[in-house]
Number of protein chains: 2
Amino acid sequence: MGKADFSPIADTTRRAEIVALLRRAILTGQLEPGQKLNELRISEQMRVSRAPLREAMRELVQEGILTSIPYAGTFVIEVTAKDIDDAYSFNKVTDELAIERAWPLRDQRFFDELDRRHEAVKQATRALDTTRQIETALQLHGLIYEWADNSVLLETWQRLTSRLQMYFALHQQARNEAVPAEDVHETYVRLLKGKDMRAAQRHAREHIDLDFEELLAYARGLEQRPSKGI
Amino acid sequence: MGKADFSPIADTTRRAEIVALLRRAILTGQLEPGQKLNELRISEQMRVSRAPLREAMRELVQEGILTSIPYAGTFVIEVTAKDIDDAYSFNKVTDELAIERAWPLRDQRFFDELDRRHEAVKQATRALDTTRQIETALQLHGLIYEWADNSVLLETWQRLTSRLQMYFALHQQARNEAVPAEDVHETYVRLLKGKDMRAAQRHAREHIDLDFEELLAYARGLEQRPSKGI
DNA sequence: GACAAGCAGATTGTCGACAATCTAACAAGA
DNA sequence: TCTTGTTAGATTGTCGACAATCTGCTTGTC
């Protein structure tokens, strides 16, 4: 009889769709940091009433990519160099934990999924789709969190992911350069398949070091000049 | 001229008040795990319309103490032994980071605040106010997070706090025993004032070990018998 | 009696309108 | 000129009603 394992059916509420739409707009940089979200305008554009829109915005406020001031408005969060530095320091520690927990649980399915996600990054890189490249890279990185079998750890990663994606997107958008052609994740994937856990942890730490250093330099540059208004 | 430093004025929206009310009800166990929140009933009891109530509920869903199923309802999260174990494992690591970061930033204000919060715990203990005891103990513990000067770390702690408070409240409520008369935080406070950071980290880890062990035993016991309906 | 179809009743999701509040421009007075 | 009070416009917060969906019961059929 039926061995089919169905995935959860799609969210059927407008609210959920609005959350997805807004999140995407923020993470791809369509909505800039500091920008105010005008409820009436957005609800008219989306052809929705303000109620589900406002509920969606509350979710994103709690997710940490919007911030709300009563009677003043809801804004996309500003990104400071310290924010990035904080996220970076924190991520170092959680990465270590995630690898430690996921390590003994690695199996064939893990390795297959690892390859699959790695392939997705490479494909996005070849296609020069920077947005998708950031997205897939974070998904590749997220596998150890999904495999660590710790709900709090996973949840924390997912929260952090939103902001990291936003940071990287801003960075990419700003420098407007061609994406690196070579594959920087090759070593990471190889180590996760190997036998030396410490080495994997060390590499993860050093790897994100590189990315973050670039980000930090960018953010510090931003903070030199005054932020332009809306 | 004026040297007064004013704290931000109180939240003036119904929504914020509702969030506080609901959170308190959940964290003190007035609303039991698994219980459904009937929007109409609650909004009538609070003399508020459903709009701000629903927005408040979205916030608490993202905070992790409520869970929502479209067209079915919003429920207080169920607490499993694994949830507690996950939170515990995770907290070990973040504690270590928090102490490490806060350590060089300790100053007189830190020590004063430490004493103040310690005193609050002792007072709640003397007054046999278990709810307040849990609350103040977590606030005492949270000081290292506030002092660590890392926004992501602090935010993560605040999210975790909600659930920890809920776990402990359930536990206390269930065993219905007198609270421990002696002060278990004495050593913790002393070590945080001392010179040996490693010792403080070790103690924090072992200290929460004790609390969590009890909690885990309780939660495992719960899962033996089937949960009663609403 | 078992089972499926269909029908209330209750509850959540969404809408449009009104009330409360903020912002910015302008006027009045020291 | 600077400050303070006022006012109009825009925007957010809140409300009550309607639509969509779920649940459990009833009914009819075999």
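All values below were derived from every heavy atom in this structure, side-chain atoms included, with hydrogens, water molecules and symmetry-related copies excluded. Chain naming here is simple, since letters A, B, ... match the order of the sequence lines and numbering starts at 1 in each.
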How does each nucleotide of nucleotides 6-13 of chain D score, in 5' to 3' order, for protein heavy atoms under 4.0 Å: base (B), sugar-phosphate only (S), or none (-)? -----SBB
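A search for salt bridge (charged side-chain N to carboxylate O under 4.0 Å, His left out) contacts involving Glu63(B) returns Arg23(B), not counting sequence neighbours. Residues forming a side chain to side chain contact (heavy atoms under 4.5 Å, CB included) with Ala137(A) (at least two apart in sequence, or on another chain): His185(A). With sequence neighbours left out, Ile42(B) forms a side chain to side chain contact (heavy atoms under 4.5 Å, CB included) with Leu37(B), Met46(B), Leu53(B).
Arg117(A) places a side-chain N or O within donor-acceptor distance of the main-chain N or O of Gln139(A), the cut-off being under 3.5 Å.
Taking side-chain N and O atoms only, Ser49(B) has a distance below 4.0 Å to OP1 or OP2 of dC15(D).
Sorted by first then second residue, the salt bridge (Lys or Arg N to Asp or Glu O under 4.0 Å) pairs that include residues 157-171 of chain A, not counting sequence neighbours, are Arg159(A)-Glu155(B), Arg163(A)-Glu155(B).
Rotation axes derived from the C1' atoms of the five outermost pairs at either end of the helix from dG1(C)-dC30(D) to dA30(C)-dT1(D) lie 10° apart, to the nearest 10°.
Rounded to a whole Å, the CZ atom of Arg47(B) is 16 Å from the C1' atom of dT14(D). Taking atom CZ on Arg41(B) and atom P on dG9(C), their separation rounds to 21 Å, with Å as the unit.
Ring geometry for Tyr145(A) against Trp157(A) counts as parallel: the plane angle stays under 30°, on a 0 to 90° scale with 60° as the upper cut.
Using a 4.0 Å cut-off between charged nitrogen and carboxylate oxygen, Glu59(A) and Arg54(A) do not count as a salt-bridge pair.
Counting non-hydrogen atoms of neighbouring residues, nucleotides and ligands closer than 6.0 angstrom, the CZ atom of Arg106(A) exceeds 12 such neighbours.
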